[in-house]
Each structure stands twice: as structure tokens, then as C-alpha cells.
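A quick write-up on the structure given underneath.
Ligands are counted one by one from 1 in listed order, and the atoms in each one are counted from 1 as well. Here the structure is a predicted model, which is why all the values come from computation and not from measurement.
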Amino acid sequence: MSGTARGLGVSPGRAAGRAYRMARPPALPPPAPVADAAAEIAAAGEALRSVAEHLERHAAKAADPEARAILEAQSMIAADPMLLESVEEGVAAGLGAAHAIDAGCARHREALLEAGGYFADRAGDLDDIRDRAVAAVLGLSMPGVPDPGHPYVLIADDLAPADTAGLDTATVLALVTLRGGPTSHTAILARALGLPAVVACHGAAAVEDGTWVAVDGDTGELVIGVAEDEAARVQHEAAEARERAAASTGPGATADGHPVPLLLNIGSAKDLRPGAEGVGLFRTEFLYLDRAGAPTFEEQVEAYTAVLRALPGRRVVVRTLDAGSDKPLPFLGLPEEENPALGLRGLRTARSHPEVLDTQLRAIAEAHRACEADTWVMAPMVSTVTEAAAFAARARAHGLPKAGVMIEVPAAALHADRLLREVDFLSIGTNDLGQYTFATDRQHGDLADLLDPWQPALLHLVHLCGEAGRAAGKPVGVCGEAAADPLLAPVLVGLGMTSLSMSAPSVPAVRAALSTRTLASCAEQAHLALTAPGPTAAREAVTTSTR
Ligand code: PEP
Ligand code: MG
């Protein structure tokens, strides 16, 4: 087939090549009587052997040591004689090869779980081995990331974190998923890897393996059935754009020299990069994940100091704990809620656990005193002026010089001017602001169009905050995923944003995009986006004005 399918562009850039689908796990055929048990055993054995060899080959090629270790361990399990024995027992009990593999893997999985410790951790690998071996015995394509032997565009329903271990960035040119939204795992991974990506692209279901396609991670367009020479042209232009982005260095600024600090979103000191202008969002909850109790005061001081010490004289915006909803933190013992996104989360957890916030502010202040960074502190999920004022008072009482709040709730955006009378700065979390403005769960892949950061209503709220910042003479930035979109970044600046914060791999392309627009043209593009009837029209209007 040929034509154009549309989804949501979530990781910028263009790419073209042959498309290959990630095969789904195979379904078992209906059970049938076994005519030749020896032949079934031979087929099952051959399937397990081929899976073990396949995984071993991939392990040898994996650049990441962690991915290599996972694949090597999987290969050893597939080759385990005890697994084959279980499968043979299944055939002896009257099962065909595919069913015997399924039953044998299930038994082996149980045994690993019973063994506990390291073995129990590997039990999940059996599902993947089962899927691969069943596919091999049924003559279907191997599930998981395809390996056509040349660079290709990967099409998948969605990508699970485990799929990414096998993702070879030297051969995957772009990602297109049928499901997923702008904050899905696929989107975050693609941006981290610098791969163009389109999500929520239902039309991609029709693409047959080997079809030439062109992917535009800015506009969300998937052109199906491009000519080979057109694909080569797209690849050539994409390589030139990457070179231009890599060549742009230094602080962020518009073409006429208006500075726009490009800051990093980090979870810990290991996400910092040399030459960073600063940190616009330090997500401290990563320190609290996967643990039964809160980190101690000393542990916190150490983690905050590691970041602040690395950036003397630079801005570091530390966000206090954002627990609840999509970031459950068991140690708080929060009650089960029917609707956690609308419940006790973010700053609201300080209503029931004020001591957790106070310990954190005390630890940030201690780290601040020991370092020379320009430390700012902000609270997540603030809805009212009262909450903002109380947070700022608390932060200042701990000796922290700059206190601000995130704008993630429409009520806060609508009262940005009043909030700025109480706090020193605002930082807009477009991921949550989109979720709450459009009443759409941010993880809901099927409603991804409503979470599109180009939605004019969302941009309108950003504009209100920008105007409030201008009037108050105080900084207002964006630290949600929207800031990482090089086409949207100039629009955000035109809406009054004074800084943009994103993960490190997104910085070069945003810097390059800003450096080609004057502040006046950013304002013109902001007007085009704000007045467009919808997100697709907004993108188109801005793209056209850029060309
Ligand atoms: C946001 O909501 O945009 C944001 C930056 O916060 P988080 O993604 O951590 O919820
Ligand atoms: Mg948020």
C-alpha cells in the first residue's frame, strides 16, 4: 500500500528506509493428537537450540554490557538440558511440540521462582524464550525487535522497557508505534537515543515488512511507499541536520542574541553532561523509588550535593518530592484512591506528611550551603495561591534563596499573576498540564491527540504564564516534554518562556532551532500556533512559516 498515515511526532527529525514490524507473540494452535512423538521432540529441541543461538549472536553484538548480560543469561536458559527434559515430558504426555514448549517453559518458570534469589529474577525471561521457541517451531517470524540485516524503520504496537535492551541504534533509523502518547516509554526512549519517532499512528498497522517509508518526528507523518531515491534524499538531509545540530554549541539564544537558557532535566548527577547551562528540573523522587522507607537526611544531602557541586555558579532547580499517581512511593503509605491523579500527589502529600517535605528542604539547604550553585527549589502539583505562598515561606525558612512552583494544574496557570506575587519563578510541567487541561490520563495512548503539546488551549495557558512573568519581571520556563520539540521551542519562547529544560540529548536540536529565529519571529510563530484551530494546523502553520 502507499499513502500517508498520521500520528503524533514525539521525537524530532526525519528518517527513511524499509519498515519492519515487531512481531507479536505467537498464539498456540488448537491442540491436535500427536502422530510422531520423536518428530515432535526433535522439532522442539531444534527450536530451543535455534533460540539459544539467536540470543547468543545478539549478546555478542550488544554494545551495552547490561543488555549483553541479559541476552547471555537468556541464551543459557534456552539451552538448559532441564528445560528440554520438561518439553520431552510434555510430548510424552501427548502434547505437540508448540504446546510442549509452552508447558515446559511454564514448569521451568515455576522452578526458577521456587529457587528464589537470582534464579527467581530470571523467571520473566522464560516468557520471551517461550514466545521465540513457539514461533520457531510454528515457522513464524521471531517475536521481538526484527533483525533484517540492514538499517530499518521499526514499527511496533508499543515498546516495552524490555524491548529496548535489544534495540541497536546503529540499525534502527526511526520508531513508529500504533499506540503510546507523548510521555510514553517509546517517546522518552526515542528522545534519549536521538531517534525520530511517531506514536499513536494507527495507520502504521497496514505497512507490510520491507515497504519503503519516510518518518517525520516533527509533524507525526508516516509516508508509506516512498521511492528509493526519495528515501536516500531524506536520509542525506537528516544527516546534514544532525551535523548542523552537533556543530551548534554554547548557551541557548535566538538569532538576535536574546538568551534562552537550555537547562537539563535530570534524576541524579549521572544525567549531567559537560557544558550544561544548568538544571531546570531535578526530579528528586528517583531517590525515593523502590524503597520501603524514606532516604535519610544524610543520603539526601549526598545526592543533592553531587549535583550542586558539579555546577558552580549555574542554576539548579530542585523539585521537591512528586509522589503519588504515576509515581507511587510506598513508603508514604498513602491510602488507595479511586482516582489517584486527582488525589494526594505532589505537594499535597505534605498535608499528611509535612515532616518529609521539611527534611527534604533541610537537606537541599544543607547541600546548597556546601556548594556554589545557584540553587532554586520548586514544588510540584500546586493548585492555589495559598499552597504556593506556604511552600515559599517554608523554603525560605530553611534558608533557600529562590522558591518557585510548577504549573501543572489549569487553576495555577489561570492565576499565574497572583502566584508570582508569592514566589520567585514558575516552571510549567506541560506533561501534567496537558493531562489536567484535557481531562486525559497522560499514559492513555489511545487519546494521545488530546495530550499533544501543540493543542492551542494548552499553549494559551502557557501564554498566560508567560505574560504574567513578563509583567512581574520574573522567570517562567517550561520543563515538560514540550520543551524538547525543536519546532515548538521557538513558539514557547514567543509565548514568553525565559528558559527551556529537557533531557540532555534534546539540547543540540533545540539550540540549533532557536539560533535560526529572532525573538520577533518567535512571537509571530507563537501567534500562528495560538490562533490555529487545532494541533495539526498549528504545526503546519509554524512549519510553513519556517520554510
Ligand atoms: C510535567 O508534568 O510536565 C513534569 C515535568 O513533571 P513530571 O513529568 O515529572 O510529572
Ligand atoms: Mg508533572
Exercise. Salt bridge or not for Asp424 and Lys402, using N-O below 4.0 Å?
Worked result: no
For this session: Would you mind telling me which of Arg348, Arg283, Arg345 makes a salt bridge (charged side-chain N to carboxylate O under 4.0 Å, His left out) with Asp322?
Result: Arg345
Problem set entry | Heavy-atom side-chain contact between Ser499 and Arg315 under 4.5 Å | yes
Exercise. Can we say Asp218 and Arg539 salt-bridge, meaning some charged N sits less than 4.0 Å from an Asp/Glu carboxylate O?
Worked result: no
For this session: Using the ring pair (Phe, Tyr, Trp, His ring centres under 6.0 Å) rule, collect all pairs that involve residues 321-341, keeping only residues at least two apart or in two chains.
Result: Tyr288-Phe331
Exercise. With a distance cut-off below 6.0 Å to the six-membered ring centre and an angular limit of 45° from the axis, does Arg362 pair with Phe297 as a cation-pi contact?
Worked result: yes
Exercise. Around the Mg ion (ligand 2), how many protein N, O or S atoms are closer than 2.8 Å?
Worked result: 2
For this session: Evaluate the side-chain proximity of Leu488 to Pro453: yes if any heavy-atom separation is below 4.5 Å, no if none is.
Result: yes
Exercise. Thr284 and Gln360: side-chain donor and acceptor closer than 3.5 Å?
Worked result: yes
Seminar exercise, completed: Pocket residues around ligand 1 (non-hydrogen, under 4.0 Å) come out as Leu281, Arg283, Arg319, Asp322, Lys327, Met406, Glu408, Gly429, Thr430, Asn431, Asp432, Arg442, Cys479, Gly480
For this session: Can you sort out the partners of Asp449 under salt bridge (charged side-chain N to carboxylate O under 4.0 Å, His left out), two or more places apart, ordered by chain and number?
Result: none
